Amino acid sequence: MSTPSPHHDRTGRANRQRDHAERQHDLTARGLLRTLDDEAPALVVGEAVALDVQPASIALRLAGGIIDGIVYVLLWIALVIGGVVALSHVEDDAWLSIWSVVALVLAIVVAPTALEVASHGKSIGRWAVGTRVVRMDGGSVGSRQAFARALIGVLELFSTVGALALLVALFGARPRRLGDLMAGTFVQLERIPRSQDPVVSLPPDLVGWASVADVSRLPQRLEDRLAGYFRTATTLRPDLRWSTASALAAQIAPYARPVPPVDPERYLAGVVALRRERDVRALASRARTLQGLAEVASARPTGFPHR
């Protein structure tokens, strides 16, 4: 009995990799790969873990920044007026000049820093638009990050009326101003509407097929693509939807036998419904087994005295 040579193995792997690349290129060219596999630009931390977060848009950040700017300017005016009233009996005007500078520092540096740390990245403007500042690893900002953002914000927000921050935010996949780049933070969107996955039903004409079909060998990657297809099917153009269903059905056919003589989308719906029914039965059986084990484990041994 002969064994395959290393050269034959390498050739086979190369052919499989080339076939996979061609299929991937075909999906990408037709706009299918992003629909089925990709998501919005993910935030990847140093441990190569992708965080499920959505960066806030420039429009939301601009709206929150305008609200915060108005609040901090009003705070500075209130502090100045309070200082004028408190120092009204002082004849030296230098104290009023000193207090105006101190009030400015308190309003545009100290107050934003303290508010971000106390509220874990919130501010009045961010609370209004539903955003929050977090570290690049997704954690809450600390005093160091908040102080850096506030200090650099004096230059890019107040000195240039936000023009420098807007210019920097226009470059890159996520809108981050100079203070975010220096502090290692970004602003994420918190008010994300919850989407509910559609419930796929078994087509009536596939009831007979479901009694003899075998879908137990379906790989997890294809099951994930099935779920992604039915989540986004209503948003696809008719031609793109049909081509997506046909491509998926061709990939699933070797693992879900027999293939019924129906259109690809009805075939995919039947596979999803059958897999769901199979998983429900498996979970119910596991629950019954665990319940039986719990009853046995908690039962009193035979002949054990009651106390």
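Computed from a predicted structure; not experimentally measured.
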Assess whether side chain to side chain contact (heavy atoms under 4.5 Å, CB included) is satisfied between I252 and Y267, documenting all intermediate values.
CA-CA 10 Å; I252 291 173; Y267 170 54; 4.0 Å; yes
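- Residues satisfying the side chain to side chain contact (heavy atoms under 4.5 Å, CB included) test with S246, not counting sequence neighbours, are W242, P264.
- Take V80 and apply the side chain to side chain contact (heavy atoms under 4.5 Å, CB included) test, not counting sequence neighbours, and it matches W76, V84, A103.
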Which donor-acceptor pairs under 3.5 Å do side chains of residues 157-164 form with protein atoms, sequence neighbours excluded?
unit_1, atom_1, unit_2, atom_2, d
S159, OG, V154, O, 2.7
T160, OG1, E156, O, 2.8
T160, OG1, L164, N, 3.4

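- Between L218 atom CG and Q251 atom CD the span is 10.5 Å, to the nearest 0.5 Å.
- Heavy atoms from other residues, nucleotides or ligands lying under 6.0 Å from CZ of R144 number 12 at most.
- Not counting sequence neighbours, the partners of R149 by the salt bridge (charged side-chain N to carboxylate O under 4.0 Å, His left out) test are E116, D180.
- Counting Ile, Leu, Val, Met, Phe, Trp and Tyr side chains that sit under 4.5 Å apart, directly or through other members, L62 shares a hydrophobic cluster with I66, I70, L74.
- Under the side chain to side chain contact (heavy atoms under 4.5 Å, CB included) test applied with S123, the options V133, T131, V129, L115 reduce to a single match, L115.
- Residues that satisfy the side chain to side chain donor-acceptor pair (under 3.5 Å) test with E223, not counting sequence neighbours, are R275.
- Remark: Q220 CD to L226 CG distance equals 10.5 Å, nearest 0.5 Å.
- Residues that satisfy the side chain to side chain contact (heavy atoms under 4.5 Å, CB included) test with S140, not counting sequence neighbours, are H120, R132.
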Show, in sequence, the C-alpha distance, side-chain angles and deciding distance for R135 and F186, and conclude whether the side chain to side chain contact (heavy atoms under 4.5 Å, CB included) test is met.
CA-CA 6 Å; R135 300 195 309 263; F186 78 105; over 6 Å; no
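- Under the side chain to side chain contact (heavy atoms under 4.5 Å, CB included) criterion, R286 pairs with L290, not counting sequence neighbours.
- D205 meets the salt bridge (charged side-chain N to carboxylate O under 4.0 Å, His left out) test with R266; sequence neighbours excluded.
- Rounding to the nearest 0.5 Å places CG of D68 at 6.0 Å from CZ of R126.
- Legend: residues meeting side chain to side chain donor-acceptor pair (under 3.5 Å) with D214, ordered by chain and number and at least two apart, are S216.
- Among residues two or more places apart in sequence or in another chain, the salt bridge (charged side-chain N to carboxylate O under 4.0 Å, His left out) test is passed with R217 by none.
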Could you walk me through whether W209 and L274 pass side chain to side chain contact (heavy atoms under 4.5 Å, CB included), step by step?
CA-CA 10 Å; W209 168 84; L274 201 56; 4.2 Å; yes
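- To the nearest 0.5 angstrom, L248 atom CG is 7.5 Å from L222 atom CG.
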Go through it in stages, so that I can follow the logic: the residues are R276 and R281, the test is side chain to side chain contact (heavy atoms under 4.5 Å, CB included), and I'd like the CA-CA distance, side-chain angles, deciding distance and then a yes or no.
CA-CA 9 Å; R276 182 178 64 241; R281 287 199 306 266; over 6 Å; no
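- With sequence neighbours left out, R176 forms a salt bridge (charged side-chain N to carboxylate O under 4.0 Å, His left out) with no residue at all.
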